[in-house]
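The structure appears right after this line, and notes come after that.
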Amino acid sequence: MKREMLVFRQFQRKGYSLFACLGREVIISVLSVATLSATKAAGISDEVWRVDSAGHVREVFLSDVGVTGSRAPLATSQAARMVTVLSREDIAQAPVQSVNDLLKYAVGVDVRQRGALGSQTDVSIRGGTQEQITVLLNGVNIGDPQTGHNTLDLPCQLEDIVRIEVLEGPAGRVYGTSSLVGAINIVTTSLPQPLQKRGEVKLEAGSYGYAKAAFTASLPQWREVGGGLSASYSRSDGYSRSRSGNLNTGYSGSKAFYQGAYDTRGLRVNWHLGLSDRGWGSGTFYATPRWQADEQYEHTTKLFADVQADLSAGGDLQSPTFHLQPAIYWQQHRDRYEGYHDRPDLMPYNYNRCDVYGVKVNGYFDSPLGRTAIGAELRNEDLVSGNLGEPLFRTHHINGTDRDYTLGINRTNISAHLEHNVLLRRLTVSAGFVAAKSSWSDMNMTLYPGIDLSYRIPFNVQRSRGLANGSRGFAIPVTLKLFAGWNTSLRLPTFTEMYYKLQGYAADPHLKPEEMQALEVGAQLATPHVEAKTTLFHHHGRNMIDWVMDTSLGDAAVWQSVNHTRINTTGLEISLSTQFSPLTAHLSYTYLSQDKHLSDGLVSQYALEYLRHKLVATIQAPLWRNLSGRLGLRWQDRKGTYTTFSGDLCPYRPYALMDARLSWVQSRITLYAEASNLLNNRSYVDFGNVPQPGRWLVVGFSWRYVNLP
């Protein structure tokens, strides 16, 4: 007699889940994953495999595979909203040294680099600015309310990261305030199983005096408690010199990251501790025609800590399951800006310290009507500064100096969310809202709703294979997914946008919050070897914040923070990924158009300088035995202009960059060589008046240790 079959549709990473399989025949669907594909997360199929009709099939539902397109985790094929997922393989194979560099290959993401090695990069999504996205570490917002320039100052390193999830478009009801045009969630390494030991050591060296040493290791485990630790140090002499002949883009930085977990049936607790301490030559990062400083310098320190839990109840197959996910977090951002490096006599250093405290809770449960999520978050942002904010009633001493913080600002942001997901066989509808209020703004508690839906059409394409004595047919499974959504969100201005008033900048403390609503439609086609996706979207923004300069004022011109009345953005994204082992290839294209124009003589610094065209192509293939290669090409055309130090108004010009990586893997050892800007393009401008490096070569070595129980 044939044994009863179990078809697993959703999985939970629990050891005891395997006991449900004893004595039964198990069928597990194949996961089809394409390299660096915007449809990767949604392309994972959970369709039940077809079996002989003589066999008895019973579907067993375990806990869902969660994605970040909604408050309640859903199986990836059921998710109504599309999520770009950059996997561990993408990270390991790409010729990059930072998360910033990796995001350059993601469709819809604009990466404007000021300094190399991730020292400072402005990352935006779908024509927005670096201030309009939310960056999260394991679901916790780690953004700096002082400025978006340091948003990707991460305490973890690339080796810690399991995947990076990019959610494009307003994400207010998923991630709360600040996610005006999208969000980036960075998920760190899952902890090893009990008794398993693992570790990795990495050494790198390269152009411009670059060197890096890093390690990751699991810690001894005790009962259900496990942990992991990583640390790294990197440095570079820099790739340019000031007019006086000094190196002005040098970099040095250290990171340390610890994560632990307590995992038992019905309860999982995670905690993280992180430190990032780095300094870099800022060259001409913030220079203006009026202030042509080319030896600027900045030093930042970030401390991060959080505790998260997941409690479940009623977890059998016949009754609904309720999950409660509380979290508490703290982070501190310290910043020292030097207008003239090591010359406080010419310009006093700017000191800022920002502490963020937060507590949030999310709960979700299943019912015959679908899956419902409800929760709230309280976030306090406190800044003390030497040049930002209002006069303090009581000053605070600046450690290591003879100065005090004399200015500051404090605001508390409150939000609550409600979301319901209707899950049918082929149709998913996800609708909800976030209600937000800030103590800084006069706005009342305001609702920002949204709705997403997707419809899946699975079918088979019949093919025949000719044989000598006839032919036999086989079917290629294909899934067509249609999706659409309408979402809204908001963003509060950063403290820099409200109060920065030095060296040619004049901020406005009365800026209004930005508001955004967006509509998108699209389709995704997935087969075992090919994935294709296209998305058409329209964003309508109100009170958009930007720095503008009226060049008609001549020497009196300054950068002013203002609320633009409206900016409309229309865009198209197309991506195609193929995976015919051992060859993988990816091609994507993004087109944007904005209808807000500046008056004659006005120059925009961020909001109206967007990528009109972005084309990305990558290919990876084995070359010889254990040697493989990866080649990436990026071509982009930016809309907008910038003013040179001589006073000329110049448009941004299209440019192309090529990156490459060679890897040799043998057992636990990996040797690799990388080249950024392989063709040594030195004429491109990513940000006005900030020179970029030419060809950057890196060679590296890594050794991995894994001891299975």
Side-chain angles (χ1 to χ4, degrees), residues 41 66-74 79-85 99 103 106 108-109 123-126 128-145 148 151-152 154 163-188 304 306 308 325-329 331 356 358-364 373-379 381 413-419 421 430-438 446-452 485-492 494 513-518 520 539:
V67 296
T68 56
S70 59
R71 287 282 186 175
L74 301 176
R81 192 161 184 181
M82 307 300 289
V83 180
T84 299
V85 178
V99 173
L103 290 172
V109 178
V123 178
S124 60
I125 296 175
R126 288 186 173 177
T129 72
Q130 77 281 353
E131 311 284 6
Q132 296 170 347
I133 67 170
T134 294
V135 175
L136 306 101
L137 183 60
N138 296 309
V140 173
N141 183 350
I142 62 169
D144 184 356
T151 295
L152 281 175
L154 303 172
R163 65 185 183 275
I164 300 175
E165 304 165 335
V166 181
L167 183 62
E168 299 180 63
R173 66 186 176 92
V174 181
Y175 289 123
T177 59
S178 299
S179 53
L180 191 77
V181 295
I184 300 172
N185 184 33
I186 297 168
V187 182
T188 57
F304 173 81
D306 78 327
Q308 305 180 51
Q325 300 171 320
I328 184 171
Y329 60 91
Q331 53 192 316
V356 178
V359 58
K360 64 177 185 176
V361 61
N362 181 56
Y364 66 92
I374 187 171
E377 180 174 6
L378 174 68
R379 178 182 173 95
E381 301 169 342
N413 307 324
I414 304 173
S415 65
H417 64 269
L418 176 64
E419 179 187 83
N421 300 273
S430 178
F433 64 85
V434 62
K437 178 176 174 56
S438 174
T446 307
L447 296 181
Y448 294 90
I451 182 171
D452 295 286
W486 174 79
N487 289 280
T488 60
S489 189
L490 79 155
R491 181 187 75 90
L492 297 172
T494 63
E514 297 178 314
E515 295 181 317
M516 176 77 71
Q517 57 178 311
E520 71 173 83
H539 289 187

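Not measured: the values here are computed from a predicted model.
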Inset, instruction - Could you tell me whether D306 and K360 have a side-chain N and a carboxylate O separated by less than 4.0 Å? - result: no
Inset, instruction - Could you pull out the closest heavy-atom pair between P449 and F433, with the gap in Å? - result: CA-CB, 3.8 Å
Inset, instruction - Could you tell me the separation between the CD atom of E168 and the CD atom of E520, rounded to the nearest 0.5 Å? - result: 8.0 Å
Legend entry - R71-N362 side chain donor-acceptor pair, cut-off 3.5 Å: no
Legend entry - Minimum heavy-atom distance between S179 and T134, given as atom pair plus value: N-OG1, 3.0 Å
Legend entry - Side-chain (E131) to main-chain (G148) donor-acceptor, under 3.5 angstrom: yes
Legend entry - Residues E419, S430; criterion side-chain contact (heavy atoms from CB on, under 4.5 Å); working and verdict: CA-CA 7 Å; E419 179 187 83; S430 178; 3.6 Å; yes
Inset, instruction - For the residue pair D452 and R173, establish whether any side-chain heavy-atom pair is separated by less than 4.5 Å. - result: yes
Inset, instruction - Heavy atoms only: give me the nearest Q130-I133 pair and the separation to one decimal. - result: O-CG1, 3.9 Å
Legend entry - Contact summary for R81 and P170, nearest pair of heavy atoms: NH2-O, 2.8 Å
Inset, instruction - Nearest 0.5 Å please: distance from the CG atom of L154 over to the CD1 atom of I186. - result: 4.5 Å
Legend entry - Distance (rounded to the nearest 0.5 Å) between E381 CD and S438 OG: 7.5 Å
Inset, instruction - May I ask you to decide if V140's main-chain N or O and Q308's side chain share a donor-acceptor pair within less than 3.5 Å? - result: no
Legend entry - Closest approach of G139 to N185 (non-hydrogen atoms, all atoms of both residues): N-OD1, 3.0 Å
Inset, instruction - Would you tell me whether Y448 and E515 have side-chain atoms, one donor and one acceptor, within less than 3.5 Å of each other? - result: yes
Inset, instruction - With the side chain counted from C-beta on, respond yes when R379 and Y329 share a heavy-atom pair under 4.5 Å apart, and no when they do not. - result: yes
Legend entry - Separation between CG of L152 and CG of L137, rounded to the nearest 0.5 Å: 11.0 Å
Legend entry - I125 to A183 - nearest heavy-atom pair and separation: CD1-N, 3.9 Å
Legend entry - Test side chain to side chain contact (heavy atoms under 4.5 Å, CB included) applied to L378 - qualifying residues, sequence neighbours left out: V359, T412, I414
Inset, instruction - Would you mind reporting whether V181 and S124 have side-chain heavy atoms less than 4.5 Å apart? - result: no
Legend entry - Nearest-0.5 Å distance, NE2 of residue H417 to CG of residue L447: 14.0 Å
Legend entry - side-chain contact (heavy atoms from CB on, under 4.5 Å) between T129 and L180, worked out: CA-CA 10 Å; T129 72; L180 191 77; over 6 Å; no
Inset, instruction - Could you list the residues that satisfy side chain to side chain donor-acceptor pair (under 3.5 Å) with T494, not counting sequence neighbours? - result: E497
Inset, instruction - Enter the distance from T446:OG1 to K437:NZ here, rounded to the nearest 0.5 Å. - result: 8.0 Å
Legend entry - Heavy-atom check, side chain of S489 versus side chain of Y175, under 4.5 Å: no
Inset, instruction - I would like to know whether T151 and V123 meet side-chain contact (heavy atoms from CB on, under 4.5 Å); could you show each step before the answer? - result: CA-CA 8 Å; T151 295; V123 178; over 6 Å; no
